[in-house]
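Every number for a ligand or one of its atoms is a count from 1 in the order of the listing. We're numbering straight along the sequence, starting at 1.
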Amino acid sequence: MKTKKTITDNTVDPDILAYTVGDDPVLDLALARWDAMGTAAHVTMLSEMKLKKPVVTKAEAKKVRQALGAIVKLAEEGKFEIRVDDQDVHMAVERMLTEELGDLGKKIHTGRSRNDQVAVDVRLHMKDEILRAESETLALAGTLFKLGKDSGAIPLVGRTHLQPAMPSTVEMWATGHGEMILDQIENLEAAYRLADANPLGSAAGYGVPLPLDRARTTELLGFSRTIHNCFGASMARGECEAALLSALAQLMAVLSRLAEDMILFSMPEFAYFKLPREYCTGSSIMPQKFNPDVLELVRSKAAQVLGLQTASLSLLHAMPGGYNRDLQDCKWLYMKGLDITRTTLRILAKVAAGLKVDAEKCRAAFTPGVFATDVALRKVAAGTPWRDAYHDVRDNLGQLENEDPDAAVALKRHEGTCLGIDHMVYARRCKQLLKSVNDRHAVLLRKCGSLMK
Ligand code: ARG
C-alpha cells in the first residue's frame, strides 16, 4: 500500500497554499487533543452503524482510538507536528493514523468533512477554555472579596463623577468590583451553553447518505445537545466564537475599570492604595518613577479584545450560508481573546492580592461635603421633609463640618452598604459556581481520556 504525500491534492501553488493555510499549523496545536477526541467518537459511531459491510469493525475502531491516544500523548509532550502540507490538525492526524494503521487510517474520514470536524474541535476546546477562564474569574473575584474583608470598614470617599460624594469603605469598593466580575460568569456561561452543542455528522453542511448516529457522538463527546440541522450546524461556526468574544470583551471592560480605579487611587495625589514596588516599572530617565504599567496594559488589552469581537462579527456579517474559508480566521480571533483575557485575570489577581491600603490617607481624604447627605438625613430624622432638608443643607454648605468618617460609615448598615456587606452571600455564590465549573471540567476531561481507549 502506498500513501500519497498529501491527503488531498498536492497541486496547489506553494504561495497560495501558504496563504490559505495561514497560522493553522501553529494554532491548531491547541486543537490536537480535541480533534483526536472528535475522531475517536466518530470512529466509534461508524463501527456501530448497521451496515451489511461495516465501514470499520469494532476491533478496528479500538485500534484507531488507541492510536489517537498515542497522538494526544505526543501533543502533550510537544512532539506533535502539523506541516504546511497537512494544512491543519485534521489532516495531520489522518496522515499519522494512516502511517500507523495503513488502510484503516484512510477510513476515519468516512461520512465527515473538515467542516464539521473543525467545528467540533473548536467547541470542545472552547468548553475547556471557558471553564478555565471561569475558574480564573472566580479566583480574581475571591481575591477582591478577601481584600474587602481584610480591610474591614476602612472609610473611603465614595465618588460620583469622580467628585467626592458620600462615605463609603474600601470593603465596599473591593467587593463591589469583585461582585461585578463574578457577574461576568453569566456571560461566559451563555457562551458555554452555545458551545455545548454537537455539530458532528453535519459533514460539509448537508449530511451524507449513510446512517450516521449523531445522537451517539453527542453522548460520547458529552455535549448537552446535537445541533439538529446540518446546514445550521455549519452556519453556527463562527457564531460561537463571536458570542465568546462578546463575553470576553465585556469581562475585559469590567477588568479595565478595576485597573483604572487602582491606577487612580494609587496616584500620589490620592495615595489610598499602594502597589508593591516589584509590581511597578521604572523609567529610563526619571529615577523616582514607579509606574503602574501593568494596569495601563489591562486597559489597552480590553480595547484589543473589543477589537477582536468586532473583527469576528465583521467577518461573519456578510458571509453567505454554508462553509466559507473566512471562518478559518475566526479561530485566531477567539484564541487570542481567550489568551489575553485569561492572562489578564491571573495578573489582576496577583496585583489585587498585593495591593496595600493606606487607611490614614483614606480617612484624610474626607471633606465636609462628603457628609452633606448624612446631615440632611439627620434633619429628616428630626421631622423635616426631605426636600426641605436638602435645601437647608445646600443653602448653607459653608457651615458643613468635617465629621468622623468611621462614625459615618458605622451608621450605614442596610444590605450592601458599608457595614452591610455580607460575605456569606459571596462565599455561597462562589462555592456553587466553583463546584459547577469543576464538575463539568472533570466530566469533559474524563470523557476525553476514556474515548481514547
Ligand atoms: N482549517 C480549516 C478551517 O479552519 C478546516 C476546514 C477546511 N475546510 C474546507 N472546506 N477547506 O476552516
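For Thr39 and Arg112, the side-chain atoms include at least one donor-acceptor pair closer than 3.5 Å.
The nearest heavy-atom contact from the protein to atom 7 (C) of ligand 1 is Tyr323 OH, 3.4 Å. At the top of the distance list for atom 10 (N) of ligand 1, counting protein heavy atoms only, stands Asn115 OD1, 3.2 Å. Nearest protein heavy-atom neighbour of atom 2 (C) of ligand 1: Gln328 OE1, 3.3 Å. The single protein non-hydrogen atom nearest to atom 1 (N) of ligand 1 is Asp24 OD2, 2.7 Å, given as residue, atom name and distance. The shortest contact between atom 5 (C) of ligand 1 and any protein heavy atom is with Asp88 OD2, 3.5 Å.
Nearest-heavy-atom check against atom 4 (O) of ligand 1 across Arg114, Arg237, Met91 picks out Arg237.
In terms of heavy-atom proximity, Met37 sits nearest to Leu444 at CE-O, 4.1 Å. Of all non-hydrogen atoms in His109 and Gln117, the two that sit nearest each other are CE1-OE1, 3.2 Å. Nearest approach of Val12 to Leu17, heavy atoms of both residues: CG1-N, 3.8 Å. The two residues Ser234 and Gly205 come nearest to each other via the heavy atoms CB-CA, 3.7 Å.
Considering both main-chain and side-chain atoms, Lys331 comes within under 3.5 Å of ligand 1 through a nitrogen or oxygen pair. The distance criterion of under 3.5 Å between nitrogen or oxygen atoms is not met by Asp28 with respect to ligand 1.
Salt-bridge annotation for Arg132 and Asp128: present, with a side-chain N of the basic residue lying under 4.0 Å from a carboxylate O of the acidic one.
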